[in-house]
Number of protein chains: 2
Amino acid sequence: MTSSNPIVDALDAAGYRLTGPRRAVADLIAGYDGHFTAAELEAAAREHRVGVSRATLFRALELLTELHVVERLDLPGGEHAYVPCVRAHHHHLVCSRCGRVAEVEDCGLAEIVAEIARRSGYRIESHRLELFGLCRHCQAKAAPGA
Amino acid sequence: MTSSNPIVDALDAAGYRLTGPRRAVADLIAGYDGHFTAAELEAAAREHRVGVSRATLFRALELLTELHVVERLDLPGGEHAYVPCVRAHHHHLVCSRCGRVAEVEDCGLAEIVAEIARRSGYRIESHRLELFGLCRHCQAKAAPGA
DNA sequence: CTGACTATTGAGACCTGATCTCGACAAGCA
DNA sequence: TGCTTGTCGAGATCAGGTCTCAATAGTCAG
């Protein structure tokens, strides 16, 4: 497990230095398969004995967001979370129970956006769709009898 | 202009007391036709000589959000803004230049959401679509020659 | 391998947005 | 009018995030 870590690769490809803290943060993030908050990441770093200062953590997060390997998400409650993800344009489907995040491609949304643009007269430059619900797992757990 | 203010009405209808500060905040909000941040609202209150404390401002905002006469918006930059709006389910189209907000009904999105649910296996409970772009006004200003 | 250059880091101050506490106050009702 | 209780204000406090600046460490030329 030297680092077939795609996050590290992205950093490298973009010409950033591959420093210890950055690798550590990248590894930490790669371990998530759902979203995480900055606070959780911080706690995880502490737990894993990775000495990464808060500032560095946020700097890494910012960097990775810029590189689109991480995205910032706004949960319904108003909290901020981050999700590791791929570069292409897509949307997020968040399990409101366990936090697992599925990526959703754009299936048909573009047309709707175009239609909205036509009706409103706005020139639409970007959009963001966030979906919240229960993943299969949590549905099963929520309704064991049904 | 005693108060045909729909925000005040909503408060009343929901059984909340119609206090001075709440009316003041409602009036302030009614004056916006785009989004506003909490800080802007605070400044406006100060400017209009309405003595409303920060806590009260936030409490009112929270209340109104609950009543769906105001919604909280997450701007692309990560800032929070609030928009006065109607109760029905809809989405927001925000002018990234002037902040004007248009409400967009659900034209066709429901089908897409259903399709996503089918594909992913998630039971989707809510969604949020935010669109960012240039309103007609700002398009004109941005490209006067073209 | 070494040194130098410069990006990056850490520690902690600081800032902004928002919430909480608690005594004082006032809206609404009898 | 007087009570009851929801609401308010002031300010402490919290959370999330950013900034500063000296120290450190990648990276690359030699």
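In what follows, chains carry the letters A, B, and so on, assigned in the order in which the sequence lines appear, proteins first and then strands, with residues in each chain numbered from 1. A quick note: this is a predicted structure, and the numbers were derived from the prediction, not measured.
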For nucleotides 10-13 of chain C, which of its nitrogen or oxygen atoms have a protein nitrogen or oxygen under 3.5 Å away, and what is each distance?
unit_1 : atom_1 : unit_2 : atom_2 : d
C:dG10 : OP1    : A:G51  : O      : 2.9
C:dG10 : OP2    : A:S53  : N      : 3.2
C:dG10 : OP2    : A:T56  : OG1    : 2.5
C:dG10 : N7     : A:R59  : NH2    : 2.8

Treating [X] as the side-chain partner and [Y] as the backbone partner, does any N or O pair qualify as donor plus acceptor under 3.5 Å?
X: B:E105; Y: B:H91; result: no
X: A:R100; Y: A:D33; result: no
X: A:R22; Y: A:R17; result: yes
X: A:T56; Y: A:V52; result: no
X: B:T65; Y: B:L61; result: yes

Interatomic distance, [X] [atom1] vs [N] [atom2] [rounded to whole Å]:
X: A:F58; N: C:dC15; atom1: CZ; atom2: P; value: 17 Å
X: B:L75; N: C:dG17; atom1: CG; atom2: P; value: 12 Å
X: B:L41; N: C:dA18; atom1: CG; atom2: P; value: 11 Å
X: B:E42; N: C:dG17; atom1: CD; atom2: P; value: 9 Å
X: A:H80; N: C:dT16; atom1: NE2; atom2: P; value: 17 Å
X: B:L61; N: C:dT16; atom1: CG; atom2: C1'; value: 15 Å
X: B:L73; N: C:dG17; atom1: CG; atom2: C1'; value: 16 Å

query: To the nearest 0.5 Å, how far apart are CD in A:E130 and OG in B:S126?
result: 10.0 Å
task: Working to the nearest 0.5 Å, report the span between CG of A:L93 and CD of A:E103.
output: 10.5 Å
Bending between helix ends of the helix from C:dC1-D:dG30 to C:dA30-D:dT1 [5 pairs per end, 10° resolution]: 30°
- prompt: What's in the same ILVMFWY side-chain cluster as A:L134, cut-off under 4.5 Å, chained through other members?
  reply: none
task: Using a strict 4.0 Å threshold on nitrogen-to-oxygen distance, state whether B:E62 and B:R59 make a salt bridge.
output: no
Pair A:D74 + A:R128: basic N to acidic O under 4.0 Å: yes
Terminal contacting nucleotides, 5' and 3', DNA chain D versus chain A (heavy atom, 4.0 Å): D:dG16 to D:dT27
List the atom pairs, donor and acceptor, that lie under 3.5 Å between side-chain atoms in residues 35-45 of chain A and the rest of the protein, sequence neighbours left out.
unit_1 : atom_1 : unit_2 : atom_2 : d
A:T37  : OG1    : A:E40  : N      : 3.1
A:E40  : OE1    : A:T37  : N      : 3.1

- request: Could you point out which residue of B:L109, B:V104, B:I112 forms a side chain to side chain contact (heavy atoms under 4.5 Å, CB included) with B:L129?
  value: B:L109
Produce the list of close N/O pairs, under 3.5 Å, pairing protein atoms with atoms of nucleotides 27-30 of chain C; give distances to one decimal.
unit_1 : atom_1 : unit_2 : atom_2 : d
C:dA27 : N3     : B:R17  : NH1    : 3.4
C:dG28 : OP1    : B:L18  : N      : 3.2

task: Compute the ring centroids of B:H92 and A:H127, then answer whether they are less than 6.0 Å apart.
output: no
